[in-house]
Trainee: 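Dumping the structure here so I can ask a few things about it.
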Amino acid sequence: MQQLALSIALIGILGIGAQWIAWRTGWPAIALMLAAGVIGGPVLHIINPEHVFGELLEPMVSIAVALILFEGGLSLNFRELRKTDGAVIRLVLLGAPIGWVLGAIACYYVAGLVWPVAILFAGILVVTGPTVVLPLLRQSNVAARPRAILKWEAIVNDPVGALLGVVTYEYLRRAGEGGTLASVILSLLGAAVIAGLIGWLAARAIGWAFPRGHVPEYLKAPILLVAVIGVFVGSNMIQQETGLLAVTVMGVALANMRFDSLRDIQPFKENVTVLLISGVFVILSASLNLEVLRQFEWRFIGFLLALLFLVRPATVLLSLAFSPVPWNERLLVAWIAPRGIVAVAISGLFALRLDRLGYGDGSILVTLSFAVVIATILFHGFSIKAVARLLKVTGASEQGLLIVGATPFSLGLADQLRQLDIPVTIADNSWQRLAPARHKGIPTYHGEILSEATEERLDLTQFQVLAAATGNEAYNALVCNEFAPEIGRDNVYQLGDASDDDDPRTLPESLRGRTLFTSGHGVEDIVEREEQGWTFRKTKISEQFDYEAARAALPPEGDMLLLVRRTGALRFFSHASRPTPQPGDTILSYVPPAPIRSKGKEE
């Protein structure tokens, strides 16, 4: 029992630790999680998942993958699909068969597998999967359309690849009993339709029960979690591997029903997914047997090269031929196709089954699948940022500031930051209030920032900080609370400060963004200072003129508002955060007008 608890703790530490290092360094998280598992497992032998978890290992991994796929399905909104110009439909309906055929040819002629095993393994390799693609996209600044294409393809093709493997295996198994390919396909197609129907009905049941109050708030997340597991297991009881299809359909159906309960449990499901991805990746890489890798042959290197540079590019380019997707975006999608958990798990499962059917090449599927996972993760994980820049398919700069509320204060702040080459956008639902910003050439967004339509029209990935500066402090708090999960709780600011918690007239700090000033200026304070003629002042920090000198030069009533790093990063001075300026940084302060000096001599 103690060994089990220790192993679970180490898996969590290694997985989440790898994700944290990836966040700090910018390295691909999937590569670091893979390395963490290999080091903790076959290298140092401090984790042995097969010994610790025993027979529970396979169902644990399967259920975790199902939950990850479901969460990925919840992010697939049909409005986003329309932005891909039909690319996802092409990659599923055309790309999967093309990739299957080309992959089988590579497996047979280059890897040297017998045809039955080559066809089965090529079907599995159609999978990319959200466990590897989503962490990759999270850390790379890819433009909106190729990002959506890669995400949709990864989530939709996951069950497709699994089903292609099942079709091949079932045909091999039934061929000796007189079964035909047509009968196998028809039976599996029927099972897939039933599985999809189960997922859709489960989504409809949840979509009916949650908004009508039939489930209390504290039980919504647990019931949803249990429902996903139930749908997955129930579908697999009808036909193995159809559970992945069922949970994907369930997630996509819920994502497009638009009911508020899903927004309430969004942080929970995202946190669970991060834990599952980290844990499963470490478990599978820690389960890697170095003896299996010793079966690696030089011809497999040729197979990996063919997979990376021939099969995937040809699959994507043929599928997207004559589509509206630009060539540079097609080339990026053609290059990015990391394989992960599903490919390894399904390969290991079918390797055992093929051995029972008498196919000797089944034993090397595990070796090949891990080689594919390692190669694609390293090649694609470390190159996606460079390739995106080279092909000019990066998204907007992440150095921008989004100011909510078109006021004289926000207009002056935006004007000063533009002089420092910081991208700024002012959002307001009043066209008239945005007029001064438009006249100055400041980018604006006209619309309700809290509207669902904003998600389509405004790319929030370009902003590193949000500042709510409207004339209503409660509304400012609502905006900060809404966007904190996406932009970061430490990166949403608003006017005003949380006063004494015992004061019933003030909002508690937990519902607010961070204050824009250390002194906690509220809306009325800013209006009063604007009428008095307060302005912004820029101060460049150097070796000779340091932070203390800048503070000494600041008028007694003035306030330091924010710090602009040499890199363009923004750091606000607040009661919770007081950044330390370095030479080369610029401080932006809010100061009263300079006193008018008398021209006459004092008597």
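This structure is a prediction, so every number in the text was calculated from the model and none was measured.
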Trainee: Under 4.5 Å between any side-chain heavy atoms of Glu71 and Val272, yes or no?
Mentor: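 The answer is no, as the side chains (C-beta and beyond) never meet within the 4.5 Å cut-off.
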Trainee: Run the side-chain contact (heavy atoms from CB on, under 4.5 Å) test against Leu305 and tell me which residues pass, sequence neighbours left out.
Mentor: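 By the side-chain contact (heavy atoms from CB on, under 4.5 Å) rule, Leu305 matches Ile301, Phe309.
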Trainee: Could you check if a side-chain atom of Phe303 sits within less than 4.5 angstrom of a side-chain atom of Leu113, using non-hydrogen atoms only?
Mentor: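 They are not in side-chain contact.
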Trainee: Do Ile63 and Leu67 have side-chain heavy atoms sitting under 4.5 Å apart?
Mentor: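 Yes; the side chains approach each other to less than 4.5 Å.
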Trainee: Distance-only, no hydrogens or angles: does the Arg339 side chain make a donor-acceptor pair with backbone N or O of Ala375 under 3.5 Å?
Mentor: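 No.
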Trainee: Is Leu308 close to Thr376 at the side-chain level, that is, under 4.5 Å between some pair of heavy atoms?
Mentor: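 When only atoms from C-beta onward are counted, Leu308 and Thr376 do touch, with a gap below 4.5 Å.
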Trainee: What closest approach, in Å, do Leu136 and Pro338 show between heavy atoms, and which atom pair accounts for it?
Mentor: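 It is CD2-CG, 4.0 Å.
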Trainee: Give a yes or no answer on whether the side chain of Arg299 reaches the backbone of Ala111 with a donor-acceptor pair at less than 3.5 Å.
Mentor: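 Yes, because the side chain of Arg299 sits within donor-acceptor range (under 3.5 Å) of the backbone of Ala111.
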Trainee: Please tabulate, for the side chains in residues 329-336, all donor-acceptor contacts under 3.5 angstrom to protein atoms that are two or more places apart in sequence or on a different chain.
Mentor:
unit_1	atom_1	unit_2	atom_2	d
Glu329	OE1	Arg145	NE	2.7
Glu329	OE2	Arg145	NH2	3.4
Arg330	NE	Val325	O	2.7
Arg330	NH1	Leu320	O	3.2
Arg330	NH2	Ser323	O	2.9
Arg330	NH2	Val325	O	3.2
Trp335	NE1	Ser383	OG	2.8

Trainee: Quick one: which residue pairs count as a ring-ring contact (aromatic ring centres under 6.0 Å, His included) with a foot in residues 213-248, not counting sequence neighbours?
Mentor: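 Residue pairs passing ring-ring contact (aromatic ring centres under 6.0 Å, His included), neighbours aside: Trp208-His214.
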Trainee: Looking at residues at least two apart in the chain, or sitting in another chain, which of them share a side-chain contact (heavy atoms from CB on, under 4.5 Å) with Ala154?
Mentor: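 Applying side-chain contact (heavy atoms from CB on, under 4.5 Å) to Ala154 gives Thr128, Val133.
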Trainee: Decide yes or no for Leu244 and Val65: does some side-chain heavy atom of the first lie under 4.5 Å from some side-chain heavy atom of the second?
Mentor: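 Yes - at least one pair of side-chain heavy atoms lies under 4.5 Å apart.
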Trainee: Are there over 12 heavy-atom neighbours, none belonging to Arg489, within less than 6.0 Å of that residue's CZ?
Mentor: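 Above 12, so yes.
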Trainee: With a 4.5 Å limit on heavy-atom distance, are the side chains of Leu254 and Leu224 in contact?
Mentor: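 Yes. Closest side-chain heavy atoms under 4.5 Å.
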Trainee: With sequence neighbours excluded, tell me which residues meet side-chain contact (heavy atoms from CB on, under 4.5 Å) with Pro49.
Mentor: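 Testing Pro49 for side-chain contact (heavy atoms from CB on, under 4.5 Å), a comparison that skips the adjacent residues, returns Ile47, Phe53, Leu57, Ile283, Ala286, Ser287.
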Trainee: Heavy atoms only: give me the nearest Ser278-Gln19 pair and the separation to one decimal.
Mentor: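 So the minimum-distance heavy-atom pair works out to OG-NE2, 2.9 Å.
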Trainee: Can you find a heavy atom in the side chain of Ile198 that is under 4.5 Å from one in the side chain of Thr242?
Mentor: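 Counting from C-beta outward, Ile198 and Thr242 never come under 4.5 Å.
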Trainee: For Ile89, give me all partners under side-chain contact (heavy atoms from CB on, under 4.5 Å), at least two apart in sequence or on another chain.
Mentor: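 If we apply the side-chain contact (heavy atoms from CB on, under 4.5 Å) test to Ile89, skipping adjacent residues, the hits are Leu93.
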Trainee: Which atom names give the shortest non-hydrogen contact between Val92 and Pro97, and what distance separates them?
Mentor: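 Closest pair (atom of Val92, atom of Pro97, distance): O-CD, 3.8 Å.
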Trainee: Closest heavy-atom contact between Asn157 and Ala96?
Mentor: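 The pair with the smallest heavy-atom distance is OD1-CB, 4.5 Å.
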Trainee: Could you walk me through whether Ser319 and Ile98 pass the side chain to side chain contact (heavy atoms under 4.5 Å, CB included) check?
Mentor: CA-CA 8 Å; Ser319 302; Ile98 293 172; 4.0 Å; yes
Trainee: Please report the closest heavy-atom contact between Trp200 and Ala253, naming both atoms and the distance.
Mentor: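 Shortest heavy-atom contact: CD1-CB, 4.1 Å.
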Trainee: For the side chain of His45 and the backbone of Pro42, is there at least one donor-acceptor N/O pair under 3.5 Å apart?
Mentor: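 Present.
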Trainee: Is there side-chain contact between Met250 and Ile206, with heavy atoms separated by less than 4.5 Å?
Mentor: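 Counting from C-beta outward, Met250 and Ile206 do come under 4.5 Å.
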Trainee: Taking all non-hydrogen atoms of both residues, which atom of Gly103 and which atom of Val311 are closest, and how far apart?
Mentor: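 Taking every non-hydrogen atom into account, N-CG1, 3.9 Å.
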